[in-house]
Amino acid sequence: MSAPNSSYDPVEVTPLHPEEVDRMRAEALAAITAANDLGELKEVRLAHAGDRSPLALANREIGALPPTARKEAGQRVGTARRDVSDALKRREADLEAERDARVLVEEAVDVTLPWDRTPRGGRHPVTTIADRMADIFVGMGFEVVEGPEIEAEWFNFDALNFLPDHPARAMQDTFYVADDEGGESGRLLRTHTSPVQVRALLDRELPVYVVAPGKTFRTDELDATHTPVFHQLEGLVVDRGITMAHLRGAMDAFVAGMFGAGLATRFRASYFPFTEPSGEVDMQCFVCRGASVGDPDAPCRTCSSEGWIELGGCGLVNPRVLRAAGVDPDVYSGWAFGVGVERTLMFSQGIADMRDMVEGDVRFTRAYGMEI
Ligand code: FA5
């Protein structure tokens with residue numbers, strides 16, 4: 001029978017030897033202090049506090065000791081492991097604080113730097129004013145319609161009562177579109193927005209209340225008051241019992257909407273093949289309100305001291321146009337007008353030269369703001 005193993009000495013288990021535990025603890029604390037960043041600290045944690053670390057392995061040996069020796073060895077290893085764990089926490093907090101301070105400096109944003117080196121674009125003032133002009137009619141219940149820029153000659157001229165050899169065709173110098181062999185194609189770049197009148201009448205039920213903004217083309221030379229590519233706003237009403245009085249009322253509302261209340265309008269006789277009678281509509285000058293007329297001491301640049309500004313052409317829709325669009329002129333009548341958008345922008349903003357509008361220099365456009 002063997003005697004109880006009462007002479008077992010725990011210090012003989014090498015990893016639990018006090019100096020050995022102190023050495024492991026000291027090594028761990030030195031490694032923690034030497035870790036320069038959170039990445040290194042992670043490795044140190046694995047090596048000195050992980051499941052396979054010397055102190056964790058020593059801890060496992062405690063179970064092999066006799067019960068009387070376990071307490072002391074357990075306290076020794078436990079204290080060493082707690083010291084290492086506390087040191088890890090402190091070092092981690094320090095390294096995190098260092099990292100945060102560094103990030104604040106390295107990733108600082110200089111809010112005084114220019115935020116966008118590419119200047120923002122904006123809508124061209126011609127587009128903006130065309131929208132504003134059309135919006136006044138939208139406010140009165142009109143619909144905005146469009147037509148093609150490459151148009152059939154029939155819509156641009158024939159349906160609008162421009163007879164084939166009538167000199168009126170020469171009133172609007174035309175870009176014709178050639179067919180594949182260079183011959184006549186029957187198509188052209190529309191010289192005005194009036195062909196949209198006929199398209200609108202053919203496309204929809206009566207009554208018709210429409211405005212048609214759009215691009216138009218004429219073989220005019222580019223100069224201070226002309227451009228070969230420009231814009232017009234067309235207006236058309238066809239309903240029962242429409243008279244010149246309705247046209248006048250619409251023009252008054254348009255002028256009030258664009259330039260403010262209280263400005264008079266006037267009609268002057270004119271000629272367009274597609275309206276009868278035809279007129280030019282003028283508005284009272286919104287700058288001098290007529291005060292500059294005959295007063296050499298107070299000249300007005302906006303109206304050239306004439307007191308009136310020409311808006312565009314207008315009239316009652318010629319019954320021939322109504323017939324071409326399948327509308328019975330004995331039942332229906334209508335009015336139409338056409339205004340130049342560039343000209344409206346010129347006089348409303350005091351622009352002296354139309355070339356500024358087409359040359360694409362952003363310094364011109366920018367002056368009108370970045371309305372989008
Ligand atoms: C016409 O084009 C008619 N269709 C207007 C009309 C519509 C009359 C409906 C009656 C009823 P006119 O050729 O006058 O008309 O041109 C109208 C406006 O377009 C002119 O007042 C002018 O402001 C503008 N315009 C004409 N040619 C040019 C051009 N080359 N450059 C810039 N604007 C132009």
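Basis for what follows: all heavy atoms, side chains included, without hydrogens, waters or symmetry-related copies. We count ligands from 1, going down the list as the structure has it; atoms in each ligand are counted the same way.
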Would one find an N or O of T275, backbone or side chain, under 3.5 Å from an N or O of ligand 1? no

Lys/Arg N to Asp/Glu carboxylate O, E143 vs R204, below 4.0 Å: yes

Quick check: T227 and ligand 1, any N/O pair under 3.5 Å apart? yes

E151 and side chain to side chain donor-acceptor pair (under 3.5 Å): which partner among R190, R199, R187, H192? R199

Among E221, Q232, R190, H192, which residue places a heavy atom closest to atom 17 (C) of ligand 1? Q232

Of the backbone atoms (N, CA, C, O) and the side-chain heavy atoms from C-beta on, which set of F274 has a member under 4.0 Å from an atom of ligand 1: side chain, backbone, both, or neither? side chain

For atom 15 (O) of ligand 1, which candidate among F337, F272, W335 holds the nearest heavy atom? F272

Minimum heavy-atom separation for Y176 to F157, with atom names? OH-CE1, 3.8 Å

Nearest candidate to atom 25 (N) of ligand 1, where distance is taken over non-hydrogen atoms, out of F230, F347, F217: F230

Considering both backbone and side-chain atoms of S194, is one of its nitrogen or oxygen atoms within less than 3.5 Å of a nitrogen or oxygen in ligand 1? yes

N/O to N/O below 3.5 Å, does that happen between E310 and ligand 1? no

Electrostatic pair R268-D282, nearest N-O below 4.0 angstrom: yes

Could a heavy atom of E234 be found less than 4.0 Å from some atom of ligand 1? yes

Electrostatic pair R23-E20, nearest N-O below 4.0 angstrom: yes

What atoms of ligand 1 come within less than 4.0 Å of a heavy atom belonging to G313? 6 (C), 8 (C), 10 (C)

Do any heavy atoms of H231 fall under 4.0 Å from ligand 1? no

If we number the atoms of ligand 1 from 1 as shown, the ones under 4.0 Å from a heavy atom of A336 are 9 (C), 11 (C)

Does the gap between the ring centers of F142 and Y209 come in under 6.0 Å? yes

Counting only heavy atoms closer than 4.0 Å, does ligand 1 sit against the backbone of H226, its side chain, both, or neither? both

Examine F254 together with F259 and report whether their ring centres are nearer than 6.0 Å. no

List every atom of ligand 1 that sits less than 4.0 Å from any heavy atom of Q197, numbering the atoms from 1 in the order shown and giving each element. 9 (C)

Side-chain ion pair, D173 and R218, N-O less than 4.0 Å: no

So with a 6.0 Å cut-off around CZ of R301, is the heavy-atom count from everything else above 12? no

At the 4.0 Å heavy-atom cut-off, does M354 count as touching ligand 1? yes

Which of the numbered atoms in ligand 1 are below 4.0 angstrom from a heavy atom of C314? 8 (C), 10 (C), 11 (C)

Flag the pair F162 / F274 as yes when their ring centroid distance falls below 6.0 Å, and as no otherwise. yes

